[in-house]
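Being a predicted model, the structure only gives us computed values, none of them experimental. Naming convention: chains lettered A, B, ... in sequence-line order (proteins, then strands); numbering from 1 in each chain.
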Amino acid sequence: MATLKVPSHVPSPSEDAEQLQKAFSGWGTNEQLIIDILAHRNAAQRNSIRKAYHEAYGEDLLKCLEKELTRDFERIVLLFTMDPAERDAYLAKEATKNSSIHLVLMEIACARSSYALLDVKKAYHARYKKSLEEDVAHHTSGDYRKLLVPLVSTFRYEGEESDMSLAKSEAKILHEKISDKQYGDEELIRILTTRSKAQLNATLSHYNNSFGSPINKDLKADPSDQFLKLLRSAIKCLTTSEKYFEKVLRQALGKSGTDEWALTRVVATRAEVDMVRIKEAYQRRNSVPLDKAIAGDTSGDYEKMLLALIGAGDV
Amino acid sequence: MASPSEVEVFNHALSGIGVDENSLVSILVKSHDEHKKSIRKGCSQLFFEDERQFERWNQTAIKSLKAEFKRFKDVVLLSLMHPWERDARLLNKALKKGPQQYNIIVEIACTRSSDQLLGARKAYHSLFDQSIEEHLASHVKGSERKLLVALVSAYRYEGSKVKEDTAKSEAKALLNAIKDGDKKKVMENDEVVRILTTRSKPHLKEVYQQYKKISGKTIIEDLEVVLLLKETVECLCTPQAYFTRVFDAALRDNANEDAKKALTRLVATQEDEEIKEVAAKFQDKIEERVKGAYKDVLVGVLAKEET
């Protein structure tokens, strides 16, 4: 469930566009007004506002935001204002160029619905004149390519059915390969990258029951192995994404400084999807509400935007 | 008594691709016992003398006639289908039939536009309650798996923008992979699969050109016996050559059933201008080898628009 709070009476897109223009004009920028509007409109509404803004002032709203705002606040406002498919395409492009954030590619591939992922790929074509698959393939190699290319290419079946005997046989295969430390094995990758989420859930449940421990525990053999981390994260994203994002937030808000990049990404991409469940998971795990943790670790307009998006503080 | 020419007509009506319904009707309606007997005695391909003194249908003839009569029904069903359902069903059938028909998977994955292939994948969900990727990946065991799964999963960029430098280096990478040795290994080579299954078609056509420059031969010539890869490259870079081969094999004298089935597939894919161009070259052969209602559909559908 989304945490985004939209007022019951929403001004027309051109009224919103006019207000935003006022927020930019004159000395300085009225950041609160920007938050009041953009953090309280859903994707369709934001798209209409951008259109209205362009019609009225001949400029792309995103370009104006880029000009007027700075640093973390700028990034979160830009990311959130984008249409979700466009946003994911943007994040994916960033990630293909930077191997330390391959995790982001996995998030996009695993924590979006099959149809949402298709929209991302279309947006990627339009924006970058290339396909997402070709860029990911080109910028990865070895086991990473073996895993990430099928992950982004797949169009998973979205039905709820699962086949129990298949779950049994595939759990066995997974266990075999993991016991042999064959983490890049074709069969292992095939199962994780092509099976529907419902089928995977059944398979992993079977794994746990048959072999006495959850698959991610068995995949912890080498804590420093980045590929294993990617595998474990993919599995988590595919089956219990709110737990995955809880962990990302927990680490982002950890004791040793704040990872604003990760914090911004999670809040901007999940506010309209399942932030409610993520907040619950966070509270359960850390015994502290997410808003408090964010408030403790961030400040200024950046903090205000984050809190607005997770439905905290004054609406 | 049937005249020699009527026997000839009967034979003719049942040889080739499809059946000449009209001739058959006209023969049957004026047939009586003696008439039919002389047809049976005159058509040695279709009937033979049983040891108990009666003329029997040749069992293999019945089998191939079944296929010929079925052709019209198949072309009707396939042509009226939504293209997405059509392609999903064709993919499913080919997958189940096995390695002999994997070329059909290649044909569909490579000759459809990105959105058409995407549509086929959606229809596959509806029809078979699973994705084509998962079905194919779990079904194909051999070295073709990597290539085939990647081909059906592709969502290629469709713009014309091509980077010559990248095309050059990728042509080189392909050349190295092919020259390196074991032909079987080429199909599983990471770079070969990456290039052929993710790059846009305009880009691959440029790679094809660049390859010719550095190798002296075309990729297809150098691939020799790696058939599936050859078909992949053909469909992506020189689809007209691929369709020409398909038509040629189907309209040959001793064409087998699989080759003839390809005709129905091509007819059903009528929206492709390239197919029509190639069909025009085979007009005479079609006239000679194809019969009846099936022929009418074939000719009608593949005829180029009057400009």
Side-chain angles (χ1 to χ4, degrees), chain A residues 109 114-115 117-146 148-163 166 169-170 173 184 186-200 203, chain B residues 88 109 114-115 117-143 145-146 148-163 166 169-170 173 188 190-204 207:
Chain A
S114 294
Y115 279 85
L117 184 55
L118 284 183
D119 287 339
V120 175
K121 293 198 264 201
K122 287 200 178 109
Y124 200 96
H125 279 202
R127 201 178 160 123
Y128 301 110
K129 312 290 182 227
K130 286 256 189 79
S131 69
L132 174 60
E133 295 90 326
E134 73 186 289
D135 273 352
V136 172
H138 188 55
H139 288 100
T140 54
S141 60
D143 283 348
Y144 287 93
R145 183 194 282 183
K146 257 179 163 174
L148 288 169
V149 174
L151 274 184
V152 301
S153 309
T154 202
F155 178 49
R156 287 181 209 262
Y157 177 61
E158 298 220 286
E160 294 299 317
E161 317 94 84
S162 53
D163 178 331
L166 192 62
S169 61
E170 295 196 332
I173 296 174
E186 268 187 29
E187 280 289 275
L188 187 151
I189 304 239
R190 168 184 73 77
I191 294 168
L192 294 180
T193 62
T194 65
R195 290 301 182 198
S196 72
K197 290 182 181 176
Q199 182 64 41
L200 272 178
T203 302
Chain B
S114 293
D115 282 328
L117 183 57
L118 201 55
R121 290 164 79 183
K122 289 180 186 170
Y124 207 95
H125 283 201
S126 298
L127 295 166
F128 306 111
D129 294 334
Q130 53 183 319
S131 65
I132 171 90
E133 302 92 292
E134 77 183 285
H135 200 183
L136 201 54
S138 61
H139 206 87
V140 178
K141 304 291 182 199
S143 51
R145 183 207 271 188
K146 222 172 166 178
L148 288 175
V149 175
L151 282 177
V152 300
S153 310
Y155 184 51
R156 297 175 203 262
Y157 173 60
E158 299 216 287
S160 51
K161 185 164 181 241
V162 165
K163 264 196 176 147
T166 314
S169 66
E170 293 189 341
E188 294 185 298
D190 271 354
E191 282 293 275
V192 172
V193 174
R194 171 185 74 78
I195 294 166
L196 293 180
T197 66
T198 66
R199 290 305 188 195
S200 73
K201 288 178 189 177
H203 179 93
L204 286 173
V207 171

Using a heavy-atom cutoff of under 4.5 Å, enumerate the residues of residues 119-128 of chain B that contact chain A, numbered in order, or state 'none'. B/Arg121, B/Lys122, B/His125
Taking every non-hydrogen pair under 4.5 Å, which of B/Asp129, B/Leu118, B/Ile195, B/Asp115 racks up the most with chain A? B/Asp129
If you round to the nearest 0.5 Å, how far is CD of B/Gln130 from CZ of A/Arg156? 14.0 Å
Listed by chain and number, what are the side-chain contact (heavy atoms from CB on, under 4.5 Å) partners of B/Lys163, not counting sequence neighbours? B/Thr166
Answer with side chain, backbone, both or neither: which region of A/Tyr124 has an atom nearer than 4.5 Å to a non-hydrogen atom of chain B? neither
Please examine the side chains of A/Thr140 and B/Arg194, heavy atoms only from C-beta on, and report whether any two atoms are closer than 4.5 Å. no
Residue-level interface, residues 192-200 of chain A with chain B, non-hydrogen cut-off under 4.5 Å: A/Thr194, A/Arg195, A/Ser196
What distance separates B/Ser138 OG from A/Leu166 CG, expressed to the nearest 0.5 Å? 7.5 Å
Between B/Arg156 and chain A, which part of the residue has a heavy atom less than 4.5 Å away: side chain, backbone, both or neither? backbone
Distance, nearest 0.5 Å, that separates CG of A/Leu151 from OG of B/Ser153: 11.0 Å
What residue, out of A/Arg190, A/Glu186, A/Lys121, has the most heavy-atom pairs lying under 4.5 Å from chain B? A/Arg190
A/Glu187 bridged to B/Arg145 by N-O distance under 4.0 Å: yes
For chain B, which candidate among A/Glu170, A/Glu161, A/Arg145 shows the most heavy-atom pairs at distances under 4.5 Å? A/Arg145
What's the separation between atom OH in B/Tyr155 and atom CD in A/Glu133, rounded to the nearest 0.5 Å? 9.0 Å
Flag, side chain of A/His125 to backbone of B/Gly159, donor-acceptor distance under 3.5 Å: no
Could you pull out all residues at least two apart from B/Glu158 that satisfy side-chain contact (heavy atoms from CB on, under 4.5 Å)? B/Ser113, B/Ser114
Is it the side chain or the backbone of A/Lys122 that comes within 4.5 Å of chain B heavy atoms, both, or neither? both
Between the main-chain N or O of A/Phe155 and the side-chain N or O of B/Glu133, is there a donor-acceptor pair closer than 3.5 Å? yes
More than 12 heavy atoms from other groups under 6.0 Å of NZ on B/Lys161: no
